[in-house]
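As structure tokens, the structure follows; a few thoughts come after it.
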Amino acid sequence: MLAIAIVFLPLAGALIAGFFGRKIGDRAADLVTSIPVAFSAVFAWINLWQVALLGHVVTVPLFTWMDVGLFKVMWALRDDQLTAVMLFAVTTVSALVHIYSIGYMHEDPHRPRFMAYLSLFTFAMLMLVTADNFLQLYFGWEGVGLMSYLLIGFWYDRPSANAAAIKAFVVNRIGDFGFGLGIMGVFLIFHTISFSPVFAAAPGFAGKSFVFLGYHVDILDTLTLLLFLGAVGKSAQLPLHTWLPDAMEGPTPVSALIHAATMVTAGVFMVARLSPMFEYAPFTLEVVTVVGATTCFFAATIGLVQNDIKRVIAYSTCSQLGYMFFAAGVSAYPVAVFHLVTHAFFKALLFLGSGSVIHAMSGEQDMRKMGGLARRIKFTYVMMWIGSLALAGIPFFAGYYSKDAILEAAFGAGTSVGNYAYAMGAFTALLTAFYSWRLIFLTFHGKPRADHHVMEHVHESPMVMKVPLFGLALGATFAGMIFAGPMISGHWAAFWGHSLVVLPTHTALANLETLPLWAKLLPLGGALLGIVIAWQMYIGQPGIAPALAKSQETLYKFLLNKWYFDEIYDFLLVNPAKWLGRFLWKRGDGQVIDAFGPDGVATSTRILARRAGALESGYVYHYAFAMLIGVVFLMSLYFYAVGV
Amino acid sequence: MIVPALGHLSAALPEIFLALSALVLLVLGAFLGDKATRPVATLSLIALVVAFVLVLLGPDSTTVGFSGLFITGRFAVFLNALILIGSAISLIIALDYFRLQGTERFEFPILVLLATTGMMMMVTANDLIALFISLELQSLALYVMAAFERDSIRATEAGLKYFVLGALASGLLLYGCSLIYGFSGTTNFGHLAAVVSGGPVSIGLLLGIVFLVAGLAFKISAVPFHMWAPDVYEGAPTPVTAFFSASPKIAAFALFIRVMMGPFGHVAIEWRQIIILISLASMFLGAFAAINQRNIKRMMAYSSIGHMGYALIGLAAGSVEGVRGVLIYLAIYLPMTLGAFTVILLMRRKTGPTENIDDLAGLSQQHPLVALVMAIFMFSLAGVPPLAGFFGKFYVFMAAIDAHLYTLAILGVLSSVVGAYYYLRIVKVMYFDAASEPLAGPITRKMAAVLLCTGVFTLFFFANPAPLLNSAHAAALALLH
């Protein structure tokens with residue numbers, strides 16, 4: 001019953017604020033959305049305690065959705081350990097973002113709509129994590145996709161926001177296409193799309209193959225790869241990552257929500273949820289590991305040189321999701337979900353903190369025009385430090401526990417892809433620390449680079465924004481310490497119960513305790529080194545950074561332009577698609593269908609109408625003649641027909 | 001001998017009553033002069049109502065009388081009832097119109113009565129002689145009515161055109177009758193049926209049928225015998241046009257069905273091609289030629305040509321379903337078209353009546369309810385569901401499909417798409433065009449009542465179509481068995 005309240009309270013708030021927002025006013029809309037979500041969060045904590053610690057795993061059936069022949073689908077809320085952890089993370093971050101939004105969006109004329117979207121977004125994500133079958137998962141999956149579209153394009157009068165919203169939606173469609181195919185394939189093979197029977201039957205299909213276009217293809221590898229394609233889109237992994245940085249066009253609280261607790265984590269959650277299938281698909285696991293590790297490194301390199309404060313954090317998200325995926329890829333699902341939770345806190349903190357900076361800077365997002373803010377907005381400064389410490393994995397902040405565990409698991413997997421992931425991840429730890437402190441140093445230290453006008457207006461955020469930041473800071477500081485024990489230590493199996501499946505032959509988790517010391521310390525050393533380099537380049541000798549950019553111009557441009565992914569996509573896909581669309585529109589539709597269809601018919605109708613009207617001359621003898629001709633004609637036709 | 005004669009008389013009671021009423025009222029009018037105008041009008045209306053009651057009380061079973069010249073039964077009852085309703089409504093709106101015009105004369109209602117008598121005789125004709133006599137009785141009254149506004153050049157021209165071409169059509173028809181009689185030796189429909197079904201049919205007889213079809217097609221203004229219609233519709237006084245588009249069409253169609261399905265039903269294969277051709281030509285000409293019309297009466301003329309084309313589809317099907325379809329079509333067409341003409345009668349400027357489609361602009365603001373019923377009539381004429389006009393088309397198209405006349409049905413639907421354009425244009429003009437000068441016509445209580453009744457019928461026919469369907473079915477069965 002608790003689960004129902006957790007899931008549907010945000011929906012109720014969203015409906016009231018969405019439909020009656022204008023009537024009840026901004027203030028009421030704030031309350032009617034924030035309070036239910038806050039209650040959801042409180043219930044989710046209770047739920048976590050009940051489910052994870054007391055073991056009250058339940059499935060709450062709601063009602064039958066579809067019942068067509070073999071195809072039966074229920075609406076049901078699956079409330080197991082994995083779901084409870086997700087509910088906890090999603091509702092907590094969402095509640096804090098709601099509260100923060102009250103302050104951040106104070107000046108916006110469409111605040112009720114914004115709050116309604118936020119709540120609906122939360123609801124969609126909650127439906128996703130409580131799904132009991134693939135279709136319900138898909139419902140939530142598409143729900144967050146739709147809501148992210150609406151939220152990214154919230155400022156619909158900005159062309160860039162609309163473009164970003166469309167981009168997010170379209171890129172996600174590509175992944176969702178694979179996801180949809182995967183679900184259909186699941187039904188084809190298992191004849192059901194409910195999780196429990198599918199999971200129970202999955203081991204029986206291990207290593208079996210079916211024939212597709214003359215090739216023997218492994219069943220579970222195929223299905224999981226298709227499903228993983230959905231995760232690639234939703235979680236912004238290579239090569240479908242391009243929408244995520246552009247999603248920064250949305251209001252900052254949306255960025256925090258998308259990047260921390262909802263939407264992007266859906267892919268990681270899905271892989272964890274389907275661990276009973278993925279575990280029997282060794283090839284897919286390798287793909288997941290490689291994609292995750294590559295994205296992790298790739299996104300971090302781009303983060304090094306970005307100048308927009310939110311974009312730096314956006315690429316950081318992309319990179320951190322890569323960590324989670326390669327953790328899942330080496331079968332360390334508990335560690336992946338653990339990192340998901342800690343990341344939710346510190347990434348939300350960083351985003352809302354940067355929102356606070358932007359708020360203080362009157363909307364400025366370019367770090368080159370900031371600097372010297374530390375004294376003026378001390379609270380935000382401290383918050384950004386905490387978030388960055390957690391992100392970089394400095395002991396004993398949250399990220400330290402989860403990120404190090406991921407790297408250790410990758411190393412412990414002992415496979416070649418695991419080693420690749422370890423190498424990428426360890427190096428990325430250095431890059432992460434570097435770009436995090438580059439952000440801090442550029443933003444808060446040095447001389448102010450903004451003009452007087454802006455600097456005079458710099459002010460700390462109001463209390464309604466500070467409280468959520470503080471709450472998230474608590475999470476970013478302590479979530480690791482608190483949850484590391486039950487979630488990923490030797491007793492992890494007791495905590496997660498049956499919700500996560502790891503085959504005994506996949507030893508990444510088992511080997512965590514027996515790693516060589518250097519493998520454990522290397523990431524931390526890299527992180528510290530990254531901080532030192534950042535200090536040296538931006539505080540110690542500020543001349544280094546521009547000089548380096550100049551001497552390595554090709555590399556710098558390459559990174560600044562995001563490895564030219566957008567350009568390549570434009571060239572290979574977008575422009576040909578536009579050309580084809582224009583061709584079909586102008587030539588196909590305009591010159592062929594319209595010309596011969598509607599326009600042509602209309603023109604010939606007009607001509608016929610004029611001729612038909614002109615038959616009426618007004619002269620009686622014409623009419624009489626027509627009648628007689630008519631009789632003769634009918635007679636001839638008649639004799640012709642009867643063949644006389 | 002006197003007893004069977006009385007039996008015949010009672011079967012023909014409505015016609016006889018109407019004829020006598022007309023003569024009595026004529027005498028009354030002749031003696032009383034202008035003072036008689038109002039009483040004659042009222043009494044004529046009452047006579048139509050009484051005749052209507054008499055028709056309904058008439059025999060249910062098929063009865064032949066007057067030495068085989070006369071036949072009545074469910075088919076005749078159905079159509080006579082329609083004709084009387086049409087005549088009564090036409091008379092009601094006409095009287096109000098002439099009163100507003102200040103041109104009311106006592107002859108008009110009497111002409112309506114005489115024409116109606118002729119029409120009812122057409123429905124009950126069972127012999128080529130009866131056919132011709134009744135047709136001429138109706139036609140002569142109509143010629144006079146077309147030129148009723150004798151000071152108007154347009155009206156006299158219309159009357160003259162109608163008369164000349166009507167005479168030509170009568171000649172063709174009569175020629176056909178003489179051919180039929182010459183090659184079969186009888187004028188009676190029953191005997192003709194026996195001859196036709198008795199063995200190989202002579203070419204002369206078939207030739208006679210073609211001439212007969214030409215004469216009848218003129219009366220229902222089917223292509224290519226339609227050319228009088230637009231000129232006469234436009235030139236004649238509007239209430240006369242309304243009358244022309246209603247009852248005479250039904251009577252002529254009744255006669256058409258009676259002749260083709262009765263005596264010549266056995267050679268339906270032979271004449272079907274002709275009917276299909278006439279039907280197609282009427283539908284398409286009605287649809288296309290109406291598009292460019294600026295005068296609404298002229299447009300309605302083409303509209304009625306098109307509608308006769310649709311009704312002919314049912315005749316082409318040549319089955320019980322087909323005849324039933326025609327009857328339903330006519331029963332639905334009558335209130336639609338009369339309602340539309342009532343609105344046209346309301347079109348009036350300070351200077352007098354106006355007939356331009358553009359003058360309807362802005363009607364939705366000045367008279368929202370009138371615009372609404374007009375929109376209902378136009379949508380219904382175009383055949384948009386769920387309005388009555390849709391069902392009219394639906395049943396004839398169904399009959400065509402059942403008779404495997406797929407091409408005809410498909411072309412019919414296509415032409416109705418073209419036809420929808422000019423009906424919807426009127427709706428567009430009423431609702432979306434700005435008015436230049438408001439229409440100032442007063443809406444009399446009677447006209448409002450007519451609009452209400454016809455509008456409600458058109459709008460809510462779909463709610464309870466069973467009574468009309470059943471009686472049309474019974475009428476069709478009575479004709480064919």
Side-chain angles (χ1 to χ4, degrees), chain A residues 19 22-23 68 156-157 581-644, chain B residues 157 160-165 167-169 171-172 175-176 201 203 206-207 209-211 213-215 217-218 222-231 234-235 267 269-278 281 284-294 298-299 301-302 414 417-418 421-422:
Chain A
F19 286 115
R22 274 164 190 262
K23 231 169 245 178
V68 187
Y156 54 81
D157 48 357
R582 194 177 301 275
F583 174 80
L584 290 177
W585 166 37
K586 291 283 187 192
R587 309 269 157 174
D589 192 45
Q591 293 187 4
V592 177
I593 297 177
D594 274 357
F596 290 98
D599 290 351
V601 170
T603 309
S604 41
T605 302
R606 205 177 303 144
I607 294 167
L608 273 175
R610 207 177 303 134
R611 299 229 172 119
L615 285 178
E616 212 68 20
S617 62
Y619 296 116
V620 177
Y621 58 90
H622 282 176
Y623 298 178
F625 183 68
M627 284 170 68
L628 291 176
I629 288 289
V631 172
V632 172
F633 177 73
L634 287 182
M635 226 149 29
S636 320
L637 177 90
Y638 188 55
F639 287 131
Y640 178 74
V642 295
V644 177
Chain B
E157 182 192 331
L160 194 63
K161 271 183 182 164
Y162 191 26
F163 177 65
V164 171
L165 295 172
L168 179 63
L172 291 174
Y175 188 54
V201 184
I203 291 179
L206 297 176
L207 210 57
I209 296 178
V210 178
F211 277 101
V213 167
F218 176 85
V223 179
F225 311 103
H226 66 286
M227 305 199 75
W228 61 274
D231 287 2
E234 189 186 350
V267 285
I269 303 290
E270 317 258 344
W271 51 256
R272 178 179 273 175
Q273 291 301 325
I274 294 180
I275 299 296
I276 290 176
L277 197 76
I278 293 178
F284 276 95
L285 188 101
F288 280 103
I291 288 176
N292 273 342
Q293 302 309 325
R294 292 283 164 268
R298 216 172 161 80
M299 190 209 88
Y302 284 109
L414 287 182
V417 173
V418 179
Y421 168 79
Y422 60 85

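Residue numbers start from 1 in every chain, and the chains themselves are labelled A, B, ... in the order their sequence lines are given, proteins ahead of strands.
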- Against chain B, label A:Ile629 side chain, backbone, both or neither, depending on which of its atoms sit under 4.5 Å from a heavy atom there. neither

- Between B:Phe211, B:Trp271, B:Trp228, which shows the greatest number of heavy-atom pairs under 4.5 Å with chain A? B:Phe211

- Note on the structure: Smallest heavy-atom separation, A:Ala626 atom then B:Met227 atom, equals CB-SD, 3.3 Å

- Item | Top contributor to chain A interface from B:Ile291, B:Leu285, B:Ile278, B:Asn292 [non-hydrogen pairs under 4.5 Å] | B:Asn292

- Query: With sequence neighbours excluded, what pairs up with B:Glu234 under the salt bridge (Lys or Arg N to Asp or Glu O under 4.0 Å) test?
  - Reply: B:Arg298

- Provide the closest heavy-atom pair for A:Glu616 versus B:Asp231 in the form atom of the first, atom of the second, distance. CG-OD1, 3.9 Å

- Task: Could you have a look at B:Ala214, B:Pro230, B:Ala287 and say which one has the most heavy-atom pairs with chain A under 4.5 angstrom?
- Result: B:Pro230

- B:Leu172, part contacting chain A, at a heavy-atom distance under 4.5 Å: side chain

- Query: When only heavy atoms count and the cut-off is under 4.5 Å, which of residues 617-624 of chain A reach chain B?
  - Reply: A:Gly618, A:Val620, A:Tyr623, A:Ala624

- Query: Side chain, backbone, both or neither: which part of B:Phe284 has a non-hydrogen atom closer than 4.5 Å to chain A?
  - Reply: neither

- Message: Suppose the criterion is ring-ring contact (aromatic ring centres under 6.0 Å, His included): which pairs have a residue in residues 597-618 of chain A, not counting sequence neighbours?
- Response: none

- Query: When rounded to the nearest 0.5 angstrom, what is the spacing between CE in A:Met627 and CG in B:Leu168?
  - Reply: 4.5 Å

- Query: So what's closer than 4.5 Å to chain A heavy atoms on B:Leu160: side chain, backbone, both or neither?
  - Reply: neither

- Message: Can you tell me which portion of B:Ala169 sits under 4.5 Å from chain A's heavy atoms? Options are side chain, backbone, both or neither.
- Response: both

- Where B:Phe288 and A:Ala609 come nearest, the two heavy atoms and their spacing: O-CB, 3.1 Å

- Query: Taking A:Leu615, A:Leu608, A:Val601 one by one, which has the highest count of heavy-atom pairs under 4.5 Å against chain B?
  - Reply: A:Leu608

- Query: Taking side chain as C-beta onward, heavy atoms only, is B:Tyr421 less than 4.5 Å from A:Thr605?
  - Reply: no

- Item | pair A:Val631-B:Tyr175: side-chain heavy atoms closer than 4.5 Å | no

- Message: Taking CZ in B:Phe163 as the centre, count heavy atoms belonging to other residues, nucleotides or ligands within less than 6.0 Å. Is the count above 12?
- Response: no

- Query: Non-hydrogen atoms of chain A under 4.5 Å away: do they reach the side chain of B:Leu277, the backbone, both or neither?
  - Reply: side chain

Which side-chain N or O atoms in residues 585-596 of chain A pair as donor and acceptor under 3.5 Å with protein atoms at least two apart or in another chain?
none

- Relative to chain B, which segment of A:Arg611 carries a heavy atom at a distance below 4.5 Å: side chain, backbone, both, or neither? neither

